[in-house]
Protein chains: 2
Amino acid sequence: MYKIEFNDFFTYSFSVDCVIFGYKEGQIHALLIKRSMEPYDGHWAIPGDLVYPDEDISAAASRILSELTKIENLDLHQSETFGDPNRHPQGRVITTAYFALMRIDDFKVEASSWAGEARWVPIHKIPQLAFDHNLILSSTYKLLIQKLKNDPICFDLLPYKFTLNEMQKLYEYAYDSDMDKANFRKKIKPIPLIEHKEKQVNVKHRPAKLFSFDESEYVNMLESSEYQFKM
Amino acid sequence: MYKIEFNDFFTYSFSVDCVIFGYKEGQIHALLIKRSMEPYDGHWAIPGDLVYPDEDISAAASRILSELTKIENLDLHQSETFGDPNRHPQGRVITTAYFALMRIDDFKVEASSWAGEARWVPIHKIPQLAFDHNLILSSTYKLLIQKLKNDPICFDLLPYKFTLNEMQKLYEYAYDSDMDKANFRKKIKPIPLIEHKEKQVNVKHRPAKLFSFDESEYVNMLESSEYQFKM
DNA sequence: AAAGATATTGTACTTTTGACAATAATTAGG
DNA sequence: CCTAATTATTGTCAAAAGTACAATATCTTT
């Protein structure tokens, strides 16, 4: 049987990389950090690091994200695992990507530890990244778009209070096609929304009503009926 | 920064596990092998083993599947990665699950190497398995059911020539609900099928026509129209 | 040739979708 | 205050897709 030999720290190890998505100005953005250590010192990258030997990988994802960006309490979902033997220049490092959604406005992103700088970058303007992070990001982005279509996660990207038009714009982005306003409203009828008394402010026209996702009612609905979300 | 130390072979390594699904007698089955070495000697398990240090993980999945079961040329898809630090009794082993579909009749399964015995087991009668393989299997099974609903993969499970009723039964299984025969046929109208001249044999009633999936025509259709598979 | 069994097709009704039009509520400028 | 401009919101109608159920067709068995 094959015998594996270890030489040093980097011979065989495991990491996680966190793709954090946000939405502003009509576009999905990803959170990038600027690396301040080798390898790829000075390159942009998605936040990631090695998993401790006795640490669960999803716990590692939360820890590493927090260490590098101060972001806490995000719901991280597993994406894909990347195992090309040459993906890391210093040895064999297999990595699992995680992703999470957040409202960009909710957090002032603050880099810490060995990440000097952090920035939200529109998904279609991602520069050359460290390691195989461009690959990781594009695979995970595809997964995000798929999830947007099949799960009510748009509300994690939109502000807490949003207009139906803002919601529609996000789906138009996901499907890359325009939708009819009246028909869109018909389609989302079954999704329980809280209707606020407030309206949009600072617009030069009739202001739209503000809504929020009624998550507890949505959970009820899933239990009591056989509703299946699909946009 | 955290310093990782290695003690022996099993301190930190990486494996793949292959979930092979088949369909017969109206039920999805998984291919299990009986282990003939420690740990979990004598237990049933899904085929899996360690990845070589310079081997791509998807290549490892193919190699290991072939070594343990003689099965070759299956289209393996990545499923989930499992990283509980205690999932392996001898050390830290993170594993990525892969899955594939096959026509049970196409292969006489033949165990080799350290797997003494192999067996197709209905998914609802899976015994206690080695490691966290029950968890891996059930997660991957959920993924399979989801894929069955959203991709034309039923044809990888059905015999090459199948009746429309056989196809319907598979979807009834996936959705766990009965369907109307006439309506089912209307629904699958857009899926290109090759109609054979042969009919079912050895049945005590009017034999059904046999069909095959017309894959090349399906690919054409995807390119030329905006058809989206959904059952 | 008739009965039994399942395959295959047809019909009518209901629901959903899609295109487009009409009405409502604000702001901005006179 | 009145009117135009602008976007929000709701309504209508026909086409398409989905659902329930019935009718007909083809084979085996007796």
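Order of the sequence lines fixes the chain letters, A, B, ..., with proteins taken first and strands second; residue numbering starts at 1 for each chain.
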Identify, with sequence neighbours excluded, every residue that meets salt bridge (charged side-chain N to carboxylate O under 4.0 Å, His left out) alongside A:Glu198.
A:Lys161
Is any side-chain N of the basic residue among A:Glu166 and A:Lys169 closer than 4.0 Å to the acidic one's carboxylate O?
no
Please check if the distance between the ring centroids of A:Phe82 and A:Phe131 is under 6.0 Å.
no
From the options B:His196, B:Glu195, B:Gln200, select the one residue that forms a side-chain hydrogen bond (donor to acceptor under 3.5 Å, both in side chains) with B:Lys209.
B:Glu195
Just N and O in the side chain of A:Lys187: are any of them under 4.0 Å from OP1 or OP2 of C:dT16?
no
Can a donor-acceptor pair be found, under 3.5 Å and without considering hydrogens, that links the side chain of B:Asp180 to the backbone of B:Ala182?
yes
Per-helix bend value, the helix from C:dA1-D:dT30 to C:dG30-D:dC1, C1' rotation axes over five pairs per end, 10° rounding, shows 0°
Flag, side chain of B:Asn134 to backbone of B:Leu129, donor-acceptor distance under 3.5 Å
yes
Just to be sure I understand the geometry, which residues of residues 220-231 of chain A put a non-hydrogen atom under 4.0 Å away from DNA chain D?
none
Nucleotides bounding contact with chain A, strand DNA chain D, heavy-atom threshold 4.0 Å:
D:dT6 to D:dT12
With under 30° as parallel and over 60° as perpendicular, where do the rings of B:Phe229 and B:Tyr171 fit, or are they tilted in between?
tilted
Would you check if the side chain of A:Ser79 reaches a backbone N or O of A:Thr140 as a donor-acceptor pair within less than 3.5 Å?
no
Results of ring-ring contact (aromatic ring centres under 6.0 Å, His included) for A:His29 - residues two or more places apart only:
none
Does any N or O in the side chain of A:Gln78 come within less than 3.5 Å of the main-chain N or O of B:Thr81, such that one atom is a donor and the other an acceptor?
yes
When the ring centroid of A:Phe162 is compared with that of A:Phe155, is the distance short of 6.0 Å?
yes
Expected string for nucleotides 4-13 of chain C under the B/S/- scheme (protein heavy atoms, under 4.0 Å, primed atoms plus P, OP1, OP2 as sugar-phosphate) is -BBBBBBB--
Where does the angle between the aromatic ring planes of A:Tyr141 and A:His124 fall among parallel (under 30°), tilted (30 to 60°) and perpendicular (over 60°)?
perpendicular
